[in-house]
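Reviewing the structure listed below.
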Amino acid sequence: MRFTSLAELLAMNGHGIYVWSSYGISVVLVVALIFGSRWRFVRWRQTMLQQRQWQQRQQAHSTADAQE
Amino acid sequence: MWQGFVKWFYQMASLPLFYTKIVPWMRGCGFAGASLLCVGLMWGLLFAPADYQQGDSFRIIYIHVPAASLAMSIYVLLALWGLIFLIWRIKLVDIFAQALAPLGATSCAIALITGALWGVPTWGAPFAADARILSMAFLLMLYIGLLLVRAQIKPLAKAQQLVSVIAIVGVLNVPIIKYSVEWFTTLHQGATFTLTEKPKMPPSMYLPLLCSVLGTYLCMFSWLFSQARRVCLMREADKRWVQAWLVQQLDSEHAATSQASQDPGVIQ
């Protein structure tokens, strides 16, 4: 360990703000990318599932009508 | 041997097979990459010695260099895939290109932002009219162009063609970025790793960097595979195998909800 205390690690001899903000911004960007893509896919999946369910119900109705 | 390779190649070009067969690769790359990246970043932040000139601000390198090299490599891959797509019209290759472009744009932005934050204590200014910085900013513009074309141009075939052409033409910028520090007098320092020479840093500084660079590349492959699987499903929505996948998803959701209503004790 190069740093003896947490305060020293955070300060990084006066360069802490640059180091930690660059790590923080990078993490935020990557997390936004991952969750943004996941959210878009989940939304697509939801609409497809609803569409599929609706189709299945239509089919069930039409077969029931045919049987009557 | 060759025939086996050809068979594997054709199997991989078939989207339903790709969708199932790639899963172990996706998980393996993700696990190995995430662990290597964690090790590299922790090592660099906590254990590497401070630079004798730049002090502790040099620790930004462990995120700046992987991001920048990833941004350039992804662009080269996009150009390569664009060329393959224009010649052979392999669907999977274009799906790869669509899956990887957002990651390329993100890593390019990370490289520029961390570079600016590194520049403040080191050069005294976040930006400079420096060949490396300007060519990197141009790369970000190219990435944004690719993303916009994908999102806005409507018949898919037209978007695919445009994206491939932009990727192929824009790849000329990558050697300019790479060699800008040698061709021009720049503020930016030279390359850390070259194939021909030993790094100018001591191992205690470059080994963590090597870890984080390798980890970043493995993570890129994992992301590529997982995102390409999603794009496969979305592109082939009206095909039979995706419909079968949807039915399976519906069934598993039904099973989950009916099980939950039957024995609520499990949830509580």
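So you know, we letter chains A, B, ... as the sequences are listed, proteins then strands, and number each from 1. Computed over heavy atoms, backbone and side chain alike; hydrogens, waters and symmetry mates excluded. Since the structure is predicted, the reported quantities are computational estimates derived from the model, not experimental observations.
With a threshold of 4.5 angstrom between heavy atoms, A/L33 approaches chain B through its backbone and through its side chain. Using a 4.5 Å cut-off between heavy atoms, B/Q54 contacts chain A through its backbone alone, with no side-chain atom that close. B/W43 does not touch chain A: none of its heavy atoms, backbone or side chain, sits under 4.5 Å away. At a 4.5 Å heavy-atom cutoff, the contact between A/L49 and chain B is made by backbone and side-chain atoms alike. Contact annotation for A/I34: both backbone and side-chain heavy atoms come within less than 4.5 Å of a heavy atom of chain B. Contacts between B/W118 and chain A at a heavy-atom distance below 4.5 Å are absent for every atom of the residue. For B/F58, no part lies under 4.5 angstrom from a heavy atom of chain A. No part of A/R40 comes within reach of chain B, as not one of its non-hydrogen atoms sits under 4.5 angstrom from that chain. Residue A/Q56 touches chain B through its side chain alone, counting heavy-atom pairs closer than 4.5 Å.
Taking all atoms of both residues into account, the shortest heavy-atom contact from A/S26 to B/T114 is OG-CG2, 3.7 Å. Of all non-hydrogen atoms in B/I110 and A/V30, the two that sit nearest each other are CD1-CG2, 3.8 Å. Closest approach of A/R2 to B/A48, counting heavy atoms only: CG-O, 3.2 Å. Contact detail for A/S22 and B/I60: the closest heavy-atom pair is OG-CG1, 3.5 Å.
Separation of atoms OG (A/S37) and CZ (B/R230) is listed at 6.5 Å; rounding is to 0.5 Å. For the atom pair NE2 (A/H15) and OG1 (B/T122), the distance works out to 6.5 Å, reported to the nearest 0.5 Å. How far CD of B/Q243 is from CE of A/M48: 5.5 Å, rounded to the nearest 0.5 Å. B/I63 CD1 to A/Y23 OH: the interatomic distance, rounded to the nearest 0.5 Å, is 5.5 Å. Note that CG of A/N13 is 5.0 Å distant from CG of B/D56, once rounded to the nearest 0.5 Å. We find the OG-CD1 distance between A/S21 and B/I113 to be 10.0 Å, quoted to the nearest 0.5 Å.
Annotation for B/F31: atom CZ does not count as buried by contact number, only 12 or fewer foreign heavy atoms lying within 6.0 Å. Residue B/F221 qualifies as open at atom CZ: its count of foreign heavy atoms under 6.0 Å is 12 or below.
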Stepwise side chain to side chain contact (heavy atoms under 4.5 Å, CB included) check, A/F41 with B/R229: CA-CA 11 Å; A/F41 176 72; B/R229 287 176 85 230; over 6 Å; no

Dump the intermediate steps for side chain to side chain contact (heavy atoms under 4.5 Å, CB included) on A/W20 and B/L45, then the final yes or no. CA-CA 10 Å; A/W20 291 115; B/L45 272 178; 3.8 Å; yes

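With chain A as partner, the option from B/V231, B/T106, B/V242 having the largest number of non-hydrogen pairs under 4.5 angstrom is B/T106. The most heavy-atom pairs under 4.5 Å with chain A, out of B/L103, B/L233, B/V120, B/L250, come from B/L250.
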